[in-house]
Each structure stands twice: as C-alpha cells, then as structure tokens.
> 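Okay, handing you the structure first.
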Amino acid sequence: AQQAAEARVTELEEERAAKTTAMMTDLAALKQQNKEELERAQSECGAARMARDVAQVEKGRLVEEVGTLRVALMEAHAEHKKEEVMRAAEATHLRSQVRLLQEEVKAAQAAQTAQQQVGVMVKAG
C-alpha cells in the first residue's frame with residue numbers, strides 16, 4: 001500500500017511538474033507575444049508621431065504660403081487700383097485738352113470769320 005501511495009505521489013508530482021512546465025511555456029509564449037505587441041504598438045506610435053511632425057511642418061509651410069499669397073493678392077489689388085486711378089487721371093487730362101482744343105478751334109473760327117468779314121468790308125469799301 002505504501003508503494004502504491006508513493007507511486008501515486010510520484011505520479012501526481014510528475015503531473016504537477018508537467019502542468020508547471022506547460023504553464024511556464026504558455027507564460028513564456030504570452031510574454032513573447034506581449035513583447036511583440038508592445039514593440040509593434042511602439043513602432044506604430046513612433047510612425048504616428050513622425051507623421052504628425054511631418055503634418056505640422058507641412059501645415060506651417062502652407063500657412064506661410066497662404067500668407068505670401070495674401071500679400072501678393074493685396075499688392076496686385078493695390079496695383080490694379082493704382083492703374084485705375086492713373087487711367088482716370090489720364091482720361092481727365094485728355095478731356096481737359098480736348099476742351100482747350102475745342103475752345104482754340106472756336107476762337108480760330110471766330111477769328112477767321114472776323115477776318116473774312118473785314119475782307120468783305122474792305123472789298124465793299
């Protein structure tokens with residue numbers, strides 16, 4: 001009976017050792033899996049940080065470009081307004097010259113008419 005009990009104890013110890021070995025193997029596999037998942041997550045996190053940094057740089061570049069375009073647009077608008085003012089001033093100047101020339105033409109016509117009348121009077125005289 002004692003031998004049977006000892007055999008049973010040995011059998012139970014072997015089962016316990018086998019279960020412990022299996023649990024240790026499972027635990028090691030889980031640790032490895034967790035380690036790999038952690039490394040993958042850290043890698044993805046690093047990639048996400050890099051992508052965020054690149055996006056921030058791109059955003060900064062775009063903000064700067066928009067600012068430059070706004071300045072260029074304001075300058076173009078100012079230049080356009082300046083050209084409009086210059087055209088208006090030139091048109092005003094040309095209208096003034098036309099009026100002066102019209103007055104000169106009228107004066108010349110009046111002088112010619114007067115000269116013709118004097119000539120008629122001299123001939124009639």
Side-chain angles (χ1 to χ4, degrees):
Q2 187 176 351
Q3 283 183 341
E6 287 176 5
R8 179 70 180 140
V9 167
T10 302
E11 181 182 327
L12 289 174
E13 285 177 348
E14 287 174 355
E15 280 180 21
R16 184 179 56 89
K19 284 182 181 179
T20 299
T21 302
M23 285 182 7
M24 294 298 275
T25 302
D26 289 346
L27 182 61
L30 284 173
K31 280 184 177 180
Q32 181 62 32
Q33 183 180 354
N34 285 346
K35 180 182 174 187
E36 290 170 359
E37 287 179 9
L38 177 63
E39 288 172 354
R40 183 179 49 76
Q42 287 173 336
S43 174
E44 288 175 1
C45 185
R49 280 188 189 117
M50 285 177 53
R52 182 197 65 205
D53 292 346
V54 167
Q56 287 284 30
V57 168
E58 182 65 11
K59 177 185 173 188
R61 189 187 66 73
L62 290 173
V63 166
E64 184 178 318
E65 188 174 321
V66 165
T68 302
L69 290 173
R70 280 186 181 151
V71 168
L73 180 61
M74 290 188 312
E75 288 173 350
H77 184 67
E79 184 64 28
H80 178 70
K81 286 293 184 188
K82 178 181 160 188
E83 288 173 2
E84 284 181 357
V85 168
M86 294 297 283
R87 280 194 297 271
E90 185 178 350
T92 301
H93 178 69
L94 290 174
R95 281 193 294 271
S96 295
Q97 284 186 331
V98 165
R99 275 191 221 110
L100 288 174
L101 289 173
Q102 287 172 338
E103 289 174 14
E104 286 179 21
V105 166
K106 285 180 187 176
Q109 287 173 341
Q112 185 179 13
T113 302
Q115 194 176 30
Q116 287 173 350
Q117 288 175 352
V118 168
V120 168
M121 284 192 223
V122 168
K123 285 183 184 178

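This structure is a prediction, so every number in the text was calculated from the model and none was measured.
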> With rounding to the nearest 0.5 Å, note down the distance linking OG1 in Thr25 to CE in Met23.
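Atom-to-atom, Thr25:OG1 and Met23:CE are 10.5 Å apart.
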
> Hey, is Arg61 close enough to Glu58 for a salt bridge, meaning N to O under 4.0 Å?
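Salt bridge present between Arg61 and Glu58.
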
> side-chain contact (heavy atoms from CB on, under 4.5 Å) for Lys123 and Val120? Distances and angles first, verdict last.
CA-CA 5 Å; Lys123 285 183 184 178; Val120 168; 5.9 Å; no

> Judged by atom type as modelled, is there a donor-acceptor pair below 3.5 Å linking the side chain of Ser43 to the main-chain atoms of Glu39?
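Pair absent, no side-chain N/O of Ser43 close to backbone of Glu39.
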
> Which is it for Arg8 and Glu11 under the salt bridge (Lys or Arg N to Asp or Glu O under 4.0 Å) test, yes or no, and what are the steps along the way?
CA-CA 5 Å; Arg8 179 70 180 140; Glu11 181 182 327; 3.0 Å; yes

> Going from OG1 on Thr92 to CZ on Arg87, what distance comes out if it is rounded to the nearest 0.5 angstrom?
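Thr92 atom OG1 to Arg87 atom CZ measures 13.0 Å (nearest 0.5 Å).
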
> Taking CD in Gln97 as the centre, count heavy atoms belonging to other residues, nucleotides or ligands within less than 6.0 Å. Is the count above 12?
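Atom CD in Gln97 is packed in, count exceeds 12.
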
> In residues 72-84, what donor-acceptor pairs under 3.5 Å come from side-chain atoms, sequence neighbours left out?
{"residue": "His80", "atom": "NE2", "partner": "Glu84", "partner atom": "OE2", "Å": "2.8"}

> When you look at Lys31 and Lys35, which way does the side-chain contact (heavy atoms from CB on, under 4.5 Å) test go after all the steps?
CA-CA 6 Å; Lys31 280 184 177 180; Lys35 180 182 174 187; over 6 Å; no

> Could you walk me through whether Arg16 and Leu12 pass the side-chain contact (heavy atoms from CB on, under 4.5 Å) test, one step at a time?
CA-CA 6 Å; Arg16 184 179 56 89; Leu12 289 174; over 6 Å; no

> To the nearest 0.5 Å, what is the distance between OG1 (Thr20) and CG (Leu27)?
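Rounded to the nearest 0.5 Å, the OG1-CG separation comes out at 11.5 Å.
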
> Can Gln102 and Val98 be said to form a side-chain contact (heavy atoms from CB on, under 4.5 Å), step by step?
CA-CA 6 Å; Gln102 287 172 338; Val98 165; 3.7 Å; yes

> Does the distance from a Lys or Arg side-chain N to an Asp or Glu carboxylate O, for Glu44 and Arg40, drop under 4.0 Å?
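Arg40 and Glu44: salt-bridged.
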
> What distance separates Gln42 CD from Glu37 CD, expressed to the nearest 0.5 Å?
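Reported value, rounded in 0.5 Å steps: 12.0 Å.
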
> Nearest 0.5 Å, what's the CZ-NZ distance between Arg52 and Lys59?
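Separation between the atoms: 12.0 Å.
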
